[in-house]
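Sequence lines set the chain letters: A, B, ... in the order given, protein chains first and strands last, and positions in each chain run from 1. Computation of the quantities below employed the complete heavy-atom set of this structure, encompassing side-chain atoms and omitting hydrogens, waters and symmetry-equivalent molecules.
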Amino acid sequence: MVQTDQPSYKEYAIEEFLVRDEPYYRVVGDELDLFTAAYHQHIPVLLKGPTGCGKTRFVEYMAWKLGRPLSVMKEDGAQELKEGEVRVPLVTIACHEDLTASDLVGRYLLDANGTRWIDGPMTRAVKNGAILYLDEVVEARKDTTVLIHPLTDHRRILPIEKTGSIVEADDRFLLCISYNPGYQSALKDLKHSTRQRFISIEFDYPPRDIEAEIIARESGCTAEIADSLAKLGEKIRNLKEHGLQEGASTRLLIYAGRLISEGIEIRRACQVAIVWTLTDEPELQRSIEEVVSSIFE
Amino acid sequence: MSTSPLAGIEVELAKLPPAVLEAYKEAVETIEAAFGEEELVLWAKEGLAIGTQTVRSWESAVEYYRVGPQVSRFLSFPSFMQWARCGTYLAQDSPTLAVAFFKASSSIVPNLRPQYIPRWAGLGRSLYKGTWKSSTLAAKFFEVSPDLVRNLPFWDVEVFASLIEAMSYKSYDVAGECLVLGRDVLPAMGREREAFLSMARALIDGSWREIKTCLELVPRALQQVDENQTGRFLKLGERLAKVGLRDTSRFLADGTLSLSKVPAGSQGYILDLCETLLATSPEAVPPFLKSLSGVLDRITISQLDSWFHRGVDLLKDNPESGIAFFKVESNTSVAMLETLSSSLELDRVKGIIRLYCSALSGSSIDILDTQELVRKNIGWVDEDSAATDGTKVFLPTIVDHYHDKQDNFSWFKVVSTHQVGHLEFGSFLFDFTKPSGLFDDRRFPLEEDVNAGKQAAEEEGFEPTQSLTDIGRFLSLFQDRQLAFDLFTVLEDCRLDYRIKVEYPGIRRAANRVQDEALANRPNIQEMGVQEALVELLIHMSLEQFTELPVPIEYKDAAVVLAQILHELRNAQAEVEDTAEATLRAYEIISRITKENPPEEDWEQEDLEEPGDFSEEEYESLIDQLQAGQDASGESGEGESRESPEPVDYRGDFKPEMVQLLTRLQSDQDQQGEGEPISQEMLEQLLQESSELELDAEQGDINDSMSAFAQNLMKEAGTPPPNSQPGQGYGPLLHDDDQGGELEAREPKTFAYDEWDFRANDYKPRWCIVKEKTVDEGDSTFYNDALKNYLSLSTHIKRQFELIMPESMKKIYRLTDGEDIDLNAALEAWADLRMNVPPDEKIYWHRNRNRRDVAVVFLLDMSASTAEAIDEGRQVVDDRDAPDDPVEYMVWLRRRREGLVRRNYKRIIDLEKESTALLIQALEAIGDTYGIYGFSGYGRENVEFYVIKDIDEGFGDKVKRRIDKVTPLHATRMGAAIRHSITKLEKIDATTKILFLISDGRPQDRGYSREGVEKEYAVHDTHMALIEAKRKDITPFCLTVDKAGHDYLKGMCGDMGYEVLGDIWALPERLPMLYRQLTL
C-alpha cells in the first residue's frame, strides 16, 4: 500500500488514498464502540493481541472513522511538512530498541543560520491532535515509556526539556499503543506503572466465518477458498500448544489467498505462505502440510 | 696349553671352505668375552660338528658362527648351547633349514623366552618332510617367525604353524602363501585370532583352499564389523566350516558386507539370527547373509524379524524352498519384502499424526497403538481396529494394505481423520434432550411410552434403571438394543464420512479408495435374512454404493424409506442428534420386518441414488403397513436371532457409550460433590446392558470380567476403586497424604512451605518440608570428561558467551565524564549555547558502564524418570567446528566418536549433568551469579533439595566433584522446590533474577500427581509457585525434554516462558544458548 519508492515523504499519496478509500476493517466485537468511547473520554488505549490479527488496521480504520485524514510517518520523522499542512492525524511509530526520547520529542538541528528546533513525531501528534500509535511498544527503550506517562494521565501534557516548554495536548489527541504478550524475552515487559494508564482491548483472530470474509475481501480469492483458508487457520492455531510459537495470522492467510488469486497452486501457496513461515521444525511442517492436504483438494 | 683344543678345532675348520673360518674368527672374541674360555671351546666345537655333518652343512656353520655373537647377548650359556644344538639337529636333516634357523635367530632370540627355542625349532622341523619343497616351506617359516613371535603369543604361533603343516599336506605353495599372509594379517587380529585360527582349522579337511582367501578377507571384516561382534562372527564361520560349508570365504565376504550395512548396535542381532538359522539349517546361513544387504536396502532392521521368521518356518517345512526364500528367489520372499518395505509403522509417523489430529480436533490428542487400548481392558478388544476414547486416538501398529508407503500413510490419515471426526463433529456430545435439526423429534414421545410401560411393570416389582449416559438413555428406548446400536453406528459413520469429505476435500480421493475397498469386502446381501440385509444395505449406502443394490421385492418401499433417511444424514448440517432420530426410524422399520431368508428370485436390483426427500407421512404409513403385515402374520419379532453386521474395518471400533461414560467419570472426579458419583455397582450394571461389549465368556466369567472392566474404567478415569484394600494399589496413598495437617520444620536446614490447592483455591499452610542437602562429592572426571567430549560445542558456547561481553562493552553515550567527546551531544550542547539555553553537560561517551547483573538458579529434575536411557535415535551431527587441519581433524573425529559410543548408554540425567558442566563453564565466562540445585524427594514431608553449587558459593573442584554424584532419585514435587529456590534468589541482590527449571516430565509425587485427577493438582501448584516467583521479580523459565510437554506446560507456565526440547540430544547445546537468549 505504501509506495516507498517515492522520492520524499511529502509526496506520499497516503492521505488522498485514505480519503478516497475507507480502510477495510471487519468489526468483530465491540472494539469500535470501546475505542470511540475511549477517544471521546481521552483514555489512552492499549491494543493487545497476536501478530497479524488486525491491530494496526484497526487503528487506521478508527482514524478514518473518527474523521481525520491519516498520514504515516517514519519514526525519525525529520522531514518537513508542506507549508500550510498542519494536521498529522495518525502518527504510527514502529518502535525499536534504539528509539530514544528525543527521536520522539524532537531535537535542535544546525543550519546555515544557526540552530532550528524540529518537532519529533510525538510532539507533532500532540500539537495537532492526532492519534499517536506506538506499534510494539515493548521494543522501545525504557526511557521512552516514561515520556508517555504525563501524556497519558489527566495532565495530557508533553514537557519538552530542550526548549523548556510544555505542550498541552490538543483535544483530539489520543495515544494508542500495541503490545504482543507472550514474548519470550524476560527483560522485555511493560511496567505496570505504564500499563495501568491504558484501557486494554484484546484482539484475537476472528471467528472462522468472519475471517473467511476478511480473507476473501483482502486477497480477492473465491469465497470457497477463503473459507478453506480460514478453516486452515483455525486448525493450525489448535497446534499452538504443541510446539508452534504463534498460530497462523490472518495476514498470512491473506498472503496465501493472494498467491492463490495470482494463480499459484493452492497447496504450494499454503506451503510458502503459511507452513514454511510458521516453523522450521520438519515434523511440525509435515503435520501442517497434512492438514493443508486434507483441506484442499 | 689351554688353547690347544681350540687350535685343533681351528685346524679342522680350515679344512672346510674358508668362509667358515673367517666367520669363526670374527666371532671368537665376542664369544670369549661373553662366556669365557671353556665355553668358547664348546661353542667352537659345536660349529665344527655342524659344519662337518654333510657336504653342504658348512653353510650352516658359517651362519652359526656369524650370529653367535648377537645371540650370545641374550642367552645364558646353557640356553645358548641348547640353541646351538637345535641348529645341529636341523643341519643334520637339511643344511638349508639350519641356515634359515640361524639367520632368523638373531632377530627372534630377543623376543622369545629361551625355553621356547627348542619348540620353535621343532615347529620348523615339523614342516620339513625331506623334500625340496618342504625345506623351502620350513625355511620360509623360520624367515617369517621373528615377525610372528614378536607380535603373537607363542601358543598362537604354534597353532598357526600346525595349521600350515596341515595345509602343507595339500599344497606347499598355498601353505607358503598363507604363511606370509598370516605374518601380515594375524598380528592385527587381536583377540579374534583364536577364533579365526580355529575357524581355519575347521576348514582344513573340507576346503583348505578357502583358508588363504579367508586370510585375505579377515582384515576387512575386522574393520567393518563392530569389535564386540567379530569374535561371534568368526565363531559362526568356524561352526559353518565344521558342518562342512564349502565356501567359507564367501560367507566372510558376504557377511562382512551385510554387517557393515547395519548399524553397529544391530550387528549382534543379525548374528543372533544367523545362529538361529545355523541351528535349523546351516546351508541357509550364507544365502541369508548374502541377500541381507539387499534386503536391508528395502526394509528396516525392525521389519527384518518377520521376514526372517517366515523364512525359518519355510525352512522347517521344506529346506529347499526355505533356502530359495533366503536367496530372495522365491515368490513368497519377494512378495513379503514388497509388503514389508511398503508397510508403514505407526511409530514412524506417530508424531505427525498426533499433531495432525490435534490440529483437526482442537484439543490435545494422544496417538497410541491399539494394543495399548486392548491392554487397558476397558471394553475395546479388537487389536486391528482404530478407536478413540475421547482424548486419545488408537491406531494399528502397522499398515500394509498397499504396496506403496505413501498409500499406506494415506490410509493412516483416512482412519485417523475418521476417528478425530468423532471428536470434531461431536459423536460423543450426544445430548438426549437436544432437538434434532433435520427430523421431528420422536425420541421424547417414545421415551414417555417406554417409561409408561416400565411403570406398569414396576407395579409388578420391576425396578427401572437409570441410564448414566445420554447414549445409554437413548439406546434403552429400544427392545433390541443391539439392533439400535448397530444402526446408530452405521448411520453415525455415514454422517461422519460425508461430513469429512465436505470439510476436507483433500482427503476425498484417499477416502473413496478406502471405501471402495471396504465395499469389495462386504458380504453378499442376498444370502442374508431380510433384517440383516436391510442393515447391510444401509452399510453399502453409507459406503456410497447407491446403484445395483439387491433389495427384497416385498420390502422395496422400506428400502426406499431407509435410503431417504440415510440421505438426510448426508448433509453438512447433520448433527449427532439427527443420527439418533434416523436410528430411531430405521429401527422402527427394520424391527417390524420378518427375519426370514427370502428366496433368490424375490430380489431385485435397485438404484437408490435419489430416493426422494424423506417425509414423515410416508414413513408413518410405511410403519402402519409393516405393523399390519406383522400383526397379520402373527410374528412377534422373535425368531432366529439376528446377527450384527461385519464391522467396516477402517471405521474402527465405535463405542460412544464407553466414551461418554469415561468423560462422565472424569468430570465426576473434577467436580466432587456435584450429583451422585458413579459407583462400581452402577458401572457394572451399565456395562451389563451395554451393547458395546462383546463377551464370549460364560456367565460366571462375565460377572468377573464386568467388575474388572468397571475397575479398569474407573482407573482410566482416575477414580479410585472403592473396594481396594489399604496398602494395595494406588488408592490409599491418595488419602494418606490428604490427611494430616501442617508440618513443622524442626531440624536444621529444613524449611516449610505452603502448597497451592486449586480445588480449594487456597494454600495449604506449611504443607511441605524441604530438606536441603549438599550433594556428596564424587570424582571430578565426569565434569572434565563432559567438557572434553563436547569440546567443540563447549568452545562454541564459550565463544558465544564471551560475545556477550562486548555487547555490554558497547559505547555508552551522553555521560558527564568519559573516554572521548560524544560528537552528537557536543553539537547539541553547542547549539543550546547558541540559543542561550543551558546546555546538557553530558557530552562524553564511555565503555563498559553497563554491567551485567544477573543472578540465576538452575533447578535440575533428579526424579527417577531421569534414569531412563535415551534411545540412540537420530542425532544432530555437529560439524560446525570440524578443524581444517587433517591431523587435528582426526583427533577431533576420534573424540567425537568416543563421545558417540559413550552416549549410547546415556540416561537423561547424564545429559542434564553434562549440560550443567557446559553451562558452568559459560557462566564462569561471563561472571553471572548462579546456583545449581537438584530436587527430588518422596512425599510432602520429604522434599529433597540438593545443593550442587550454592548461589553464594564459588566455583571449584568441589562443585565439579558434586556433579558426578548427581543421580536419579525419587519423585518430583516441583512446587516446593521452586519455592525454596525463590527463597534462595530473594537473598541475592541483582537486577535480573532468573529461575531456570530443567525437567523431564510432569511434576509427580505421592499425593501430588497420581495419574488421573491429581495431575492437575501438581500442575496447578507448580504454576502457582512460578507465579510467586514472578511476583518477586524473578523470571521463571521451564525447559523440558518431555516431548509430550506441550500438553501441560502451557497450563503450568501460563504466559511464562517455557520450551519443549523435541530432541533431547540438543540439551547440552540448547541449555546455555537458551540462557543466553533469556538474559540479553
*Among A:I288, A:V292, A:L284, A:I236, which residue forms the greatest number of heavy-atom pairs with chain B at distances under 4.5 Å?*
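Of the options given, most contacts go to A:L284.
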*asked:* Can you tell me which of B:R834, B:K413, B:E828 forms the most heavy-atom pairs within a distance under 4.5 Å of chain A?
replied: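 Option with the greatest count: B:K413.
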*N-O pairing of B:E424 and A:K235 below 4.0 Å*: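 Looking at A:K235 together with B:E424, the answer is yes, because their closest N to O distance falls below 4.0 Å.
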*Interatomic distance, B:T417 atom OG1 to A:E290 atom CD [nearest 0.5 angstrom]*: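 Here the interatomic distance stands at 9.0 Å.
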*asked:* What's the separation between atom CG in B:L360 and atom CG in A:L239, rounded to the nearest 0.5 Å?
replied: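 Separation between the atoms: 9.5 Å.
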*For A:S287 and B:G351, which heavy atoms make the closest approach, and how far apart are they?*
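Shortest heavy-atom contact: OG-O, 4.2 Å.
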*Locate the shortest heavy-atom distance separating B:P505 from A:I295; write the atom from each residue and the value.*
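Looking at all heavy atoms of both residues, the shortest contact is CD-O, 2.7 Å.
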*chain B heavy atoms under 4.5 Å from A:R267: which part of the residue, side chain, backbone, both or neither?*
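Only the side chain of A:R267 comes within 4.5 Å of chain B.
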_More than 12 heavy atoms of other residues, nucleotides or ligands under 6.0 Å from CD of A:E265: yes or no?_
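Yes.
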*asked:* Taking NZ in B:K405 as the centre, count heavy atoms belonging to other residues, nucleotides or ligands within less than 6.0 Å. Is the count above 12?
replied: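 Yes - once you tally the heavy atoms of other residues, nucleotides and ligands closer than 6.0 Å, there are more than 12.
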*Can a cation-pi geometry be assigned to A:R286 and B:F409, taking NZ or CZ under 6.0 Å from the six-membered ring centre and within 45° of the ring axis?*
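Yes.
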Tell me, for [X] versus chain A, whether the close heavy atoms (under 4.5 Å) come from the side chain, the backbone, both or neither.
X: B:R354; value: side chain
X: B:E503; value: both
X: B:S364; value: both

_Short side-chain donor-acceptor distance under 3.5 Å, A:S294 and B:Y356_ =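 Yes, because at least one side-chain N or O of B:Y356 sits under 3.5 Å from a partner of the opposite role on A:S294.
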